[in-house]
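These notes are about the structure you will find just below.
Just follow the structure's listing: the first ligand is 1, and inside any ligand the first atom is 1.
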Amino acid sequence: MCEFTYAIVGTGALGGFYGAKLQQSGLNVHFLLKSDCEHVRQHGLVIKSVDGDFTLPRVKAYSDVQKIPACDVVVISLKTTQNHLLPQILPFAVKDTGIVLVLQNGFGIEAEVAQIVGSDKVIGGICFLTANKIAPGYIRHLSYKNIILCEYTQNYHPGGITERLRQIGKDFENAGIPVELDEDLLLARWKKLVWNIPYNGLSVILNATTAELMASPDSSKLVEELMYEVATGAKALGRTIPDTFIQKMLHNTAKMTPYLTSMKIDYDERRPMEVEAIFGNPLRMVQAAGTNLPKIDCLYQQLKFLDAMRTAR
Ligand SMILES: NC(=O)C1=CN([C@@H]2O[C@H](COP(=O)(O)OP(=O)(O)OC[C@H]3O[C@@H](n4cnc5c(N)ncnc54)[C@H](OP(=O)(O)O)[C@@H]3O)[C@@H](O)[C@H]2O)C=CC1
Ligand SMILES: CC(C)(CO)C(=O)C(=O)O
């Protein structure tokens with residue numbers, strides 16, 4: 001199988017880090033940027049990483065997707081609040097035989113992408129990474145980096161471990177990114193929501209870091225209750241998230257260095273929050289299956305209020 005070419009749609013913290021690692025490993029990577037395109041065209045990408053800093057002085061940087069050659073793998077690493085732009089972006093970037101790799105947080109994005117490019121072209125990636133873009137073309141990688149890759153199939157039925165999944169996994173592994181190939185994208189996404197729903201949501205509502213949320217008996221109890229409600233949602237969709245997984249998540253986060261979630265950073269910096277991808281889509285899917293998740297719904301309503309107020313001012 002010949003080498004895949006990659007296009008990174010959204011060269012921020014996550015797309016910038018993984019895209020730079022892929023290029024550093026020798027792959028042909030094209031980067032789609034917005035405000036920092038000219039800067040990156042001139043100065044390249046700087047990665048300050050816990051695994052070792054590196055700079056790519058020359059990268060293929062574009063602000064117009066129509067100038068990017070159609071690639072084998074198009075990585076979506078925009079914030080999900082920008083996904084309304086995908087119908088104008090993806091058709092230009094994806095080869096007829098190409099793949100779209102959704103690396104964003106949340107649930108239901110692959111189904112939305114499949115509406116644009118066809119369900120046979122979509123793969124989901126669940127990223128365990130903490131990174132921030134702290135200046136134009138300057139990414140700080142704090143911890144973790146592993147990815148779970150799964151094929152997307154219509155209605156999120158478990159897909160197989162395909163040759164293309166293996167090749168993408170190998171590309172990331174060769175770039176120093178640990179990869180796990182999995183058959184059940186829905187379960188993998190809901191297991192990530194066990195972390196994102198309580199911590200992203202409460203970090204905004206309670207104005208707290210993960211360490212502060214875990215240090216208080218009241219908020220840590222609320223975190224645990226929200227995690228179990230996520231498990232109830234997964235069960236409504238025919239998936240089981242074991243108690244041991246939840247207890248491990250609580251234990252690991254309590255030990256994590258104090259972390260400001262991406263949603264809290266967006267809120268503080270008056271950027272729209274990824275409320276629909278991380279809360280709205282999962283809630284609607286579970287409600288359609290006849291189950292309510294009252295605590296998550298309450299968090300969702302509060303976040304929508306704050307999002308509307310914050311971005312309106
Ligand atoms: N950061 C992390 O550690 C993790 C992030 N994730 C998820 O990954 C996704 C991306 O998050 P993250 O990387 O943090 O977000 P960032 O905001 O750092 O990156 C998004 C990038 O997309 C760019 N962008 C916006 N609009 C366009 C456009 N029209 N064309 C091209 N580029 C555009 C932005 O540029 P500009 O700044 O100019 O607007 C920005 O650089 C989210 O779903 C997030 O939840 C998941 C796990 C961890
Ligand atoms: C779990 C964690 C903290 C790292 O991937 C994350 O998903 C986020 O910051 O949104």
Side-chain angles (χ1 to χ4, degrees), residues 7-20 30-40 45 47 49-50 61-68 74-90 92-93 101-110 112-113 124-148 177 188-189 191-201 203-204 209-211 213 227 249 252-253 256-267 269 271-279 281:
I8 306 292
V9 174
T11 308
L14 183 136
F17 174 70
Y18 287 132
H30 303 262
F31 296 86
L32 186 67
L33 302 106
K34 195 173 141 192
S35 62
D36 48 356
C37 186
E38 206 35 55
H39 176 93
V40 170
L45 284 172
I47 308 294
S49 168
V50 63
Y62 307 79
S63 56
D64 177 355
V65 69
Q66 297 190 43
K67 300 265 186 351
I68 299 183
V74 176
V75 174
I76 303 182
S77 43
L78 299 164
K79 278 278 176 31
T80 53
T81 51
Q82 300 303 305
N83 282 11
H84 58 280
L85 300 170
L86 291 177
Q88 287 81 47
I89 292 174
L90 291 180
F92 294 103
L101 174 56
V102 179
L103 292 185
Q104 297 169 309
N105 263 331
F107 181 69
I109 311 296
E110 291 89 2
E112 292 167 9
V113 168
I126 293 88
C127 302
F128 297 84
L129 171 78
T130 56
N132 304 109
K133 180 172 88 168
I134 51 180
Y138 191 112
I139 313 297
R140 185 180 54 189
H141 168 226
L142 299 161
S143 59
Y144 310 113
K145 59 188 173 197
N146 53 301
I147 300 177
I148 299 173
I177 307 296
R189 285 252 175 240
K191 286 171 95 170
K192 181 82 188 297
L193 290 174
V194 167
W195 198 96
N196 283 125
I197 282 182
Y199 291 112
N200 289 41
S203 65
V204 173
T209 66
T210 50
L213 290 172
M227 287 186 170
M249 192 68 85
N252 290 351
T253 308
M256 202 171 159
T257 45
Y259 180 68
L260 223 46
T261 68
S262 47
M263 187 169 275
K264 173 68 173 133
I265 296 169
D266 286 339
Y267 179 69
E269 293 181 6
R271 287 192 298 257
M273 296 185 281
E274 297 183 286
V275 178
E276 293 309 326
I278 298 175
F279 292 85
N281 289 355

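Only one option out of Lys192, Lys79, Glu274, Arg189 pairs with Asn105 in a side chain to side chain donor-acceptor pair (under 3.5 Å); it is Lys192.
The closest approach between a heavy atom of Tyr259 and any atom of ligand 2 is below 4.0 Å. Under a 4.0 angstrom heavy-atom cut-off, Leu129 registers as being in contact with ligand 2.
Of the polar atoms of Tyr259, none of the N or O atoms is found under 3.5 Å from an N or O of ligand 1, judged by distance alone. Geometrically, ligand 2 and Met256 share no nitrogen or oxygen pair separated by less than 3.5 Å. Taking only nitrogen or oxygen atoms, main chain and side chain alike, Ser35 reaches within less than 3.5 Å of ligand 1. Looking at ligand 1, you'll find an N or O of Glu274 within less than 3.5 Å of one of its N or O atoms. In terms of polar-atom proximity, defined here as any N/O pair under 3.5 Å, Thr130 makes no such contact with ligand 2. Close N/O approach between Lys192 and ligand 2 is found [any backbone or side-chain N/O within under 3.5 Å]. Residue Gly15 has no N or O atom closer than 3.5 Å to an N or O atom of ligand 1. For ligand 1, the polar-atom distance check against Ile89 finds no nitrogen or oxygen pair separated by under 3.5 Å. The distance criterion of under 3.5 Å between nitrogen or oxygen atoms is met by Leu14 with respect to ligand 1. Ligand 2 has no nitrogen or oxygen under 3.5 angstrom from a nitrogen or oxygen of Trp195.
Comparing heavy-atom distances from atom 22 (O) of ligand 1 across Gly10, Gly16, Ala277 singles out Gly10 as nearest. Of the candidates Met263, Lys79, Lys133, His141, Lys133 brings a heavy atom nearest to atom 34 (C) of ligand 1. Here atom 10 (C) of ligand 1 lies nearest to Ser77 when heavy atoms of Ser63, Ala13, Cys37, Ser77 are compared.
Contact annotation for Arg271 and ligand 1: no heavy atom of the residue comes within less than 4.0 Å of the ligand. When non-hydrogen atoms are compared, ligand 1 lies under 4.0 Å from the backbone of Asn105 as well as from its side chain. Contacts with ligand 1 closer than 4.0 Å are made by no heavy atom of Asn132, backbone or side chain. At a heavy-atom distance under 4.0 Å, only backbone atoms of Thr11 (N, CA, C or O) approach ligand 1.
Pairs passing the salt bridge (charged side-chain N to carboxylate O under 4.0 Å, His left out) check and including a residue from residues 125-143, sequence neighbours excluded, read Asp36-Lys133.
Among protein heavy atoms, the minimum distance from atom 6 (C) of ligand 2 is reached at Asn196 ND2, 3.6 Å. In this structure, atom 10 (O) of ligand 2 lies nearest to the protein heavy atom Asn105 ND2, 3.0 Å.
Applying the ring pair (Phe, Tyr, Trp, His ring centres under 6.0 Å) criterion to Phe17, with sequence neighbours excluded, gives His141.
Taken from CD1 in Ile109 to CG in Leu86, the straight-line distance is 8.5 Å, to the nearest 0.5 Å.
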